[in-house]
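The next block holds one structure in the form of structure tokens; read it before the comments.
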2 protein chains.
Amino acid sequence: MKSNITMKDIANKLGVSSVTVSKALSNKEGVSDELKTKIKKLAEDMGYRYNTAAKSIKDGLSYNIGVLIPERFTGINQSFYMTVYQHISLHLEQYGYFGILNILSSEEEESLSFPRLYNEKKVDGIIILGQVSKPYIETIQSMDLPKLFLDFYDEHSAIDSIVSDNFYGAYEITNYLIRNNHKKIAFVGNIYSTSSIQDRFLGYYKSLLEHGLTLDPQFILNDRDKRGTYIDIVLPKETPTAFVCNCDQVAYNLYDRLNTLGYRIPEDCSVVGFDNDIYATLTSPKLTTVAVDIEKMAQLALKTIMDKIDNPDHKNGRIQVQGKIIIRDSVRTL
Amino acid sequence: MKSNITMKDIANKLGVSSVTVSKALSNKEGVSDELKTKIKKLAEDMGYRYNTAAKSIKDGLSYNIGVLIPERFTGINQSFYMTVYQHISLHLEQYGYFGILNILSSEEEESLSFPRLYNEKKVDGIIILGQVSKPYIETIQSMDLPKLFLDFYDEHSAIDSIVSDNFYGAYEITNYLIRNNHKKIAFVGNIYSTSSIQDRFLGYYKSLLEHGLTLDPQFILNDRDKRGTYIDIVLPKETPTAFVCNCDQVAYNLYDRLNTLGYRIPEDCSVVGFDNDIYATLTSPKLTTVAVDIEKMAQLALKTIMDKIDNPDHKNGRIQVQGKIIIRDSVRTL
DNA sequence: CTGAAAGCGCTTACAG
DNA sequence: CTGAAAGCGCTTACAG
């Protein structure tokens, strides 16, 4: 099987023109059925493969979508974004597209450089998966390409985004704790860190408000520093009966902390998380949490970016995807 | 900033030819330094982006590497291959390449269809990450493209492969158990399932042989069915004092099983794993295991595939990357 | 139904 | 040092 068969090669063998071969292989009008069949058969036999690059250069599309993940979200213990990427990659199939992963290094983010993906016109659109710094958002905004934020958003930015419904998710799971007669409920997370955490915090707060519970500032527990590195969680003087953690991994960290201090879960303290990722089922007891609908987020993200490729003026604004509470064994009824 | 600036646009503005612009931007000989600087400056100002597709069509290279992962290795709880993919994606940077993930569906694997990645000439080489069926190996072999097996190999296939040193890794961790005075040591894994598991089993066996211990067939415990789905692990009549699990996830499953049956780890039973993935540190007690050098595997895989792109006759054969034992808390000295 | 011509954006080989 | 010509593999618009 010779390398690099082109339409011309097929055309020559059959004594027709490459235009005819092109039409036949892409099922266009204007070729007799007989010839069409003959061409397809020969193409198959010769091991012909379509050269996408040639098409790309014609219509200015790469048929690739870029997924940009900031380096700090790609640690060995943070499989969430890779799982999202996996779903995206799977659904790209139905659009005839492929996905290119570009991990954004911290240096690039700080020096505000464009991702290589962009400089080399490798993609027709780009999904930014995971919060980037404010200045870098401007860099992204200046890119001449359809773009979409996934799993975060920025108030000042006009860029479309798709997020899980952090606010109502946290609201509902806090309601669940209150229905189980908890009153001293702490929130675990750095509420200045990302918009997701902030929204989850506010959902938690809304639930407290609705139930006439006061928000004790001591019950907002920090889980990470400014750069996103996890820190030891410091418990307040009075131990809460329940903890709303901003994500499952932090719930996992909290389990450790509580165990070390001699508290049993859920006998002494109830804990809930958010994300329903691998940490939720690997802990003991298994974690009650809010499941993010990764499937739907990936699907919507692709639909949106494809719409924008077709029509650059297409606007979706911020779309929130509802999650659902998964009840496991980490909450006790008081 | 106008969309789609080309070299011609820059050339027109400066009253030079596009050939000169091409030379200037790629730092070729034959343009005065003065003009070169002027061209680069203008390109920057105009927001020019290089069109890789045009280059692709010239030299027949896509500057992409494909990573093919069989669907069954991409479950929510199987982050290992995604981690490997992540490392690959990171190292691709230094070659000026990008990575395209193609998850191979079970239907494609069964119907022996080429991955879409191949049919559309999207990549210059392909890394198959995770064992595929024997018939599908032949399909891969018939692909007219540099290819490499990562984390598995096939004896009949002439395709280069990079694997972690399963044999010696298992050998050494079994030695470690024996040094801790264990004598009744079981192996957990379906030894007909993949070459990795087989090799790990044989390393375990070598250790037994060397220490004059007999291999009791009842001490080979099955962990999965033919299709790779995990099954309940059935313990032998006489309980071993130690278990060599073929991977960390199975060790995790075994922990569950042993706990249910009332055995404590490591007081009653010692357990070791393989891979040092997320399961190793999320279990309690933390798992003593063999760390696979993902970093080095990814690096070698890329080096090899790039060598093959440069020279299709390049042959590496099977390369084994040494792992190392990570001692944690799941083994007790008898 | 079939095909010659032109063009997508770049590079290479050659001429001046 | 600079550029006209040809070509990579395909498609589109048009002519026959």
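So that the names make sense, note that chain A is the first sequence line, chain B the second, and so on, each numbered from 1. When reading the values below, keep in mind they use all heavy atoms of this one structure, side chains included, and skip hydrogens, waters and symmetry mates.
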Go through it in stages, so that I can follow the logic: the residues are A:Val16 and A:Leu35, the test is side chain to side chain contact (heavy atoms under 4.5 Å, CB included), and I'd like the CA-CA distance, side-chain angles, deciding distance and then a yes or no. CA-CA 10 Å; A:Val16 300; A:Leu35 184 52; 4.2 Å; yes
Working for side chain to side chain contact (heavy atoms under 4.5 Å, CB included), residues B:Ile10 and B:Lys38: CA-CA 10 Å; B:Ile10 300 173; B:Lys38 221 155 106 185; over 6 Å; no
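Residue A:Val16 has its side chain nearest to C:dG3 when only C:dG3, D:dG3, D:dT2 are considered. Distances from the side chain of B:Ser17 to the nucleotides D:dG3, D:dG9, D:dT2 place D:dG3 closest. With C:dT2, C:dG9, D:dT2 as the choices, the nucleotide that has an atom nearest any side-chain atom of B:Val31 turns out to be D:dT2.
D:dC10 atom C1' lies 10 Å from atom CD1 of A:Ile57, rounded to whole Å. The CG-P distance, from B:Leu61 to C:dC10, rounds to 17 Å in whole Å. Rounded to an integer number of Å, the gap from A:Tyr63 OH to C:dC8 C1' is 12 Å. Rounded to whole Å, the distance from CD on B:Glu29 to P on D:dC1 is 7 Å. If you measure from atom CG of B:Asn12 to atom C1' of D:dG3, you get 13 Å, rounded to the nearest angstrom. When rounded to the nearest whole Å, the span between CG of B:Leu14 and C1' of D:dG3 equals 14 Å. Atom CD1 of B:Ile5 is separated from atom P of C:dC8 by 15 Å (rounded to the nearest Å). A:Asn51 places its CG atom 18 Å from the P atom of D:dG7, with the value rounded to the nearest Å.
To the nearest 0.5 Å, atoms CZ (B:Phe98) and CD1 (B:Ile65) are separated by 12.5 Å. Taking NZ from B:Lys303 and CG from B:Leu148, the interatomic distance works out to 12.5 Å, rounded to the nearest 0.5 Å.
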Within the 4.0 Å limit for protein heavy atoms, which parts of nucleotides 11-16 of chain D are touched? Write it as a string from 5' to 3', B for base, S for sugar-phosphate only, - for none. BB----
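In this structure, A:Asn4 does not reach the D:dC8 phosphate: none of its side-chain N or O atoms is under 4.0 Å from OP1 or OP2. Applying the 4.0 Å criterion to OP1 and OP2 of D:dC10, one finds that A:Tyr48 has a side-chain N or O inside that range. Phosphate contact (OP1/OP2 of D:dG9, side-chain N/O of A:Thr6, threshold under 4.0 Å): absent.
Ring orientation note: the planes of B:Phe73 and B:Tyr81 are nearly perpendicular, at an angle over 60° on the 30°/60° scale.
Between A:Ala54 and B:Thr20, the residue anchored closer to the 5' end of DNA chain D is B:Thr20, taking for each the nucleotide with the nearest heavy atom.
Pairing for C:dG16 is with D:dC1, a Watson-Crick or G-U wobble pair whose two hydrogen-bonding atom distances lie under 3.5 Å.
Defined by atom type and a distance below 3.5 Å, a donor-acceptor pair is present between the side-chain atoms of B:His91 and B:Glu295.
Closest approach of A:Ser62 to A:Ser56, counting heavy atoms only: CA-OG, 3.7 Å.
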